[in-house]
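Everything below concerns the one structure shown next.
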Number of protein chains: 2
Amino acid sequence: MREIVSQKLALAMADDCIAFRVRALNRVITNLYDTVLQPFGITVNQATMLIMLSLVGEATSARIGQVLIMEKSTISRNLDRMKKQGWIESSSRDRGREQFVRVTPAGRELLAAFHPNWETAQLQASELLGDNGVSAVHTLHAAVRKKHPV
Amino acid sequence: MREIVSQKLALAMADDCIAFRVRALNRVITNLYDTVLQPFGITVNQATMLIMLSLVGEATSARIGQVLIMEKSTISRNLDRMKKQGWIESSSRDRGREQFVRVTPAGRELLAAFHPNWETAQLQASELLGDNGVSAVHTLHAAVRKKHPV
DNA sequence: TACCCTTGGTTGTATATACAACTTACACCC
DNA sequence: GGGTGTAAGTTGTATATACAACCAAGGGTA
């Protein structure tokens, strides 16, 4: 009896679960990008941070978190790895507890270097998701953005 | 000069990047579910595996990977954790290298117990994404499913 | 039978992620 | 000035994830 009940619940959850679907989507898409970026020794996550920093010039950890919707401890450790690679550096504009980081020339070179591969991944992702799928992704991101304003 | 070039590239990537958006979406949605499931000591990932196993009765690691689009090493370690919790057990139907797992009664009880909280997360996610967003998630998942047939 | 190949699973290593606890620097207020 | 609180970052711990390397079992074939 309990088994029948849990079966029905399981079926309902499997049919509707948003998290499962978003997570599977994330794994597949992340893999596409990580695969094409792998020759450059950078992950798609770090590439995203590099792109964002390149755009804004320099930013604090907290600012990166707002823009990219990332947790501060994740950012702290990722910045460490990127500094070790020489792609970013601490800015001289630090004041007190705030530490500004900016992209180094090597970081900018890397960004230009991996751009074609990023295009490849974009193309693969677009083909996989279709035009409607791609705009859906933008719309979905805009929706979560509302709850995490920049 | 190089800076100007990399700026333009960065802008293009930031504007269009599918991976960044999917990954941010994943973080936000995963968080909703993990938060409401936290009192039960289960993560949304493990809950997904529990639901799937409950539906199919029993399955091998490889089968779980096909259905949930998960890498075998991830599954191996997650099954370990779930066994330690007593939610699943090895089935007697093992043959050779294939190891079937199935949900225990305790696992079924847990599933029934957390169902209301899962509903809460579903509601929150639906409100966040809107009706169109929710169906977009289903469509996107169906698209990746095509490349990872069950 | 012996060899080889494929498939299922585990383990090592590294990144990504989140929460909690902690440290430190600033700001504010009395 | 001194206490108090808040905000920025770091570090500990645990899960999730992927790839590579490995081991084991089975199957096929010469």
Side-chain angles (χ1 to χ4, degrees), chain A residues 19-20 22-50 59-66 68-85 87 90-91 93-101 148, chain B residues 19-20 22-50 59-66 68-85 87 90-91 93-101 148:
Chain A
F20 155 57
V22 165
R23 289 171 61 77
L25 175 67
N26 175 59
R27 285 192 291 271
V28 172
I29 296 296
T30 295
N31 239 270
L32 288 180
Y33 287 75
D34 276 343
T35 300
V36 304
L37 293 179
Q38 182 266 321
F40 298 91
I42 193 171
T43 61
V44 66
N45 184 55
Q46 292 171 11
T48 301
M49 293 173 73
L50 195 64
T60 62
S61 196
R63 183 63 183 156
I64 298 172
Q66 285 175 347
L68 302 185
I69 316 179
M70 288 172 64
E71 216 270 334
K72 62 183 181 174
S73 66
T74 305
I75 294 168
S76 176
R77 281 179 263 239
N78 283 338
L79 289 180
D80 266 358
R81 294 174 191 125
M82 295 171 74
K83 276 182 195 167
K84 280 202 191 88
Q85 299 285 341
W87 301 328
S90 290
S91 161
R93 266 196 50 217
D94 291 12
R95 58 183 162 88
R97 65 214 163 172
E98 291 184 321
Q99 291 155 41
F100 287 79
V101 290
H148 297 268
Chain B
F20 156 57
V22 165
R23 290 171 60 77
L25 175 67
N26 176 58
R27 285 192 292 270
V28 172
I29 297 295
T30 294
N31 240 271
L32 288 181
Y33 288 75
D34 275 344
T35 301
V36 302
L37 292 178
Q38 182 265 324
F40 298 92
I42 194 170
T43 62
V44 65
N45 185 56
Q46 293 171 10
T48 301
M49 296 174 73
L50 196 64
T60 64
S61 196
R63 183 64 182 155
I64 298 173
Q66 286 175 346
L68 302 185
I69 316 180
M70 287 173 66
E71 217 269 333
K72 61 184 182 174
S73 65
T74 306
I75 294 168
S76 177
R77 281 178 261 239
N78 282 337
L79 288 180
D80 267 359
R81 292 174 193 126
M82 295 170 75
K83 276 181 193 166
K84 280 204 192 87
Q85 298 285 341
W87 300 329
S90 291
S91 160
R93 266 194 50 217
D94 292 10
R95 58 185 164 86
R97 63 213 165 173
E98 291 185 320
Q99 291 155 39
F100 288 81
V101 290
H148 297 268

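Chain naming here is simple, since letters A, B, ... match the order of the sequence lines and numbering starts at 1 in each.
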Working to the nearest 0.5 angstrom, can you tell me the gap between [X] [atom1] and [Y] [atom2]?
X        : Y        : atom1 : atom2 : answer
Leu79(B) : Lys72(B) : CG    : NZ    : 14.0 Å
Arg63(B) : Glu98(B) : CZ    : CD    : 11.5 Å
Met82(A) : Leu50(A) : CE    : CG    : 4.5 Å

Atom pair distance, as rounded to whole Å: [atom1] in [X] and [atom2] in [N]:
X        : N       : atom1 : atom2 : answer
Arg23(A) : dA16(D) : CZ    : P     : 7 Å
Arg77(B) : dA18(D) : CZ    : P     : 11 Å
Arg81(A) : dT13(C) : CZ    : C1'   : 12 Å
Leu68(A) : dT17(C) : CG    : P     : 10 Å
Met49(B) : dA16(D) : CE    : C1'   : 11 Å
Asp80(B) : dT11(C) : CG    : C1'   : 11 Å
Leu37(B) : dA18(C) : CG    : P     : 16 Å
Met70(B) : dA18(D) : CE    : P     : 8 Å

Any [X] side-chain N or O less than 4.0 Å from OP1/OP2 of [N]:
X        : N       : answer
Asn26(A) : dA16(D) : no
Asn78(B) : dT15(D) : no
Asn31(B) : dA18(C) : yes
Asn45(B) : dT17(C) : no

Choose from dA16(C), dC19(D), dC19(C) the nucleotide whose nearest atom is closest to any side-chain atom of Thr35(B).
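Closest nucleotide to the Thr35(B) side chain: dC19(C).
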Considering only side-chain heavy atoms of Ser73(B), which listed nucleotide, dA16(D), dA20(D), dT15(C), is closest?
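In terms of side-chain proximity for Ser73(B), the closest of dA16(D), dA20(D), dT15(C) is dA20(D).
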Walk me through whether Asn26(A) and Arg23(A) qualify under side-chain hydrogen bond (donor to acceptor under 3.5 Å, both in side chains).
CA-CA 5 Å; Asn26(A) 175 59; Arg23(A) 289 171 61 77; over 6 Å; no
Short heteroatom pairs, N/O only, protein and nucleotides 7-9 of chain C, under 3.5 Å:
unit_1	atom_1	unit_2	atom_2	d
dT7(C)	O2	Arg97(B)	NH1	3.2
dG9(C)	OP1	Gln99(B)	N	3.0
dG9(C)	OP2	Ala62(B)	N	2.7
dG9(C)	N7	Lys72(B)	NZ	3.1
dG9(C)	O6	Lys72(B)	NZ	2.8

Residue pairs, two or more places apart or on separate chains, that pass side chain to side chain donor-acceptor pair (under 3.5 Å) and touch residues 32-48 of chain A
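Output for this query lists Tyr33(A)-Gln122(A).
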Could you pick out which residue, Leu79(A) or Gln85(B), lies toward the 5' side of DNA chain D when each is mapped onto its nearest nucleotide?
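Result of the comparison: Leu79(A).
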For [X], answer base if it contacts any base atom (sugar-phosphate contacts may also be present), sugar-phosphate if it contacts only those atoms, and nothing otherwise; contact means non-hydrogen atoms under 4.0 Å.
X        : value
Asp34(B) : nothing
Gln46(A) : sugar-phosphate
Thr74(A) : base

Please find the pair of heavy atoms, one from Phe40(B) and one from Trp87(B), that lie closest to each other, and give the distance.
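Shortest heavy-atom contact: O-CZ2, 4.2 Å.
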What pair of heavy atoms forms the shortest contact from Val44(A) to Ala19(B), and how long is it?
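What the structure gives for the nearest pair is CG2-CB, 3.7 Å.
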Option passing side-chain contact (heavy atoms from CB on, under 4.5 Å) with Met49(A) (candidates Ile75(A), Val101(A), Ile42(A)):
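Per the side-chain contact (heavy atoms from CB on, under 4.5 Å) rule, the option paired with Met49(A) is Ile75(A), out of Ile75(A), Val101(A), Ile42(A).
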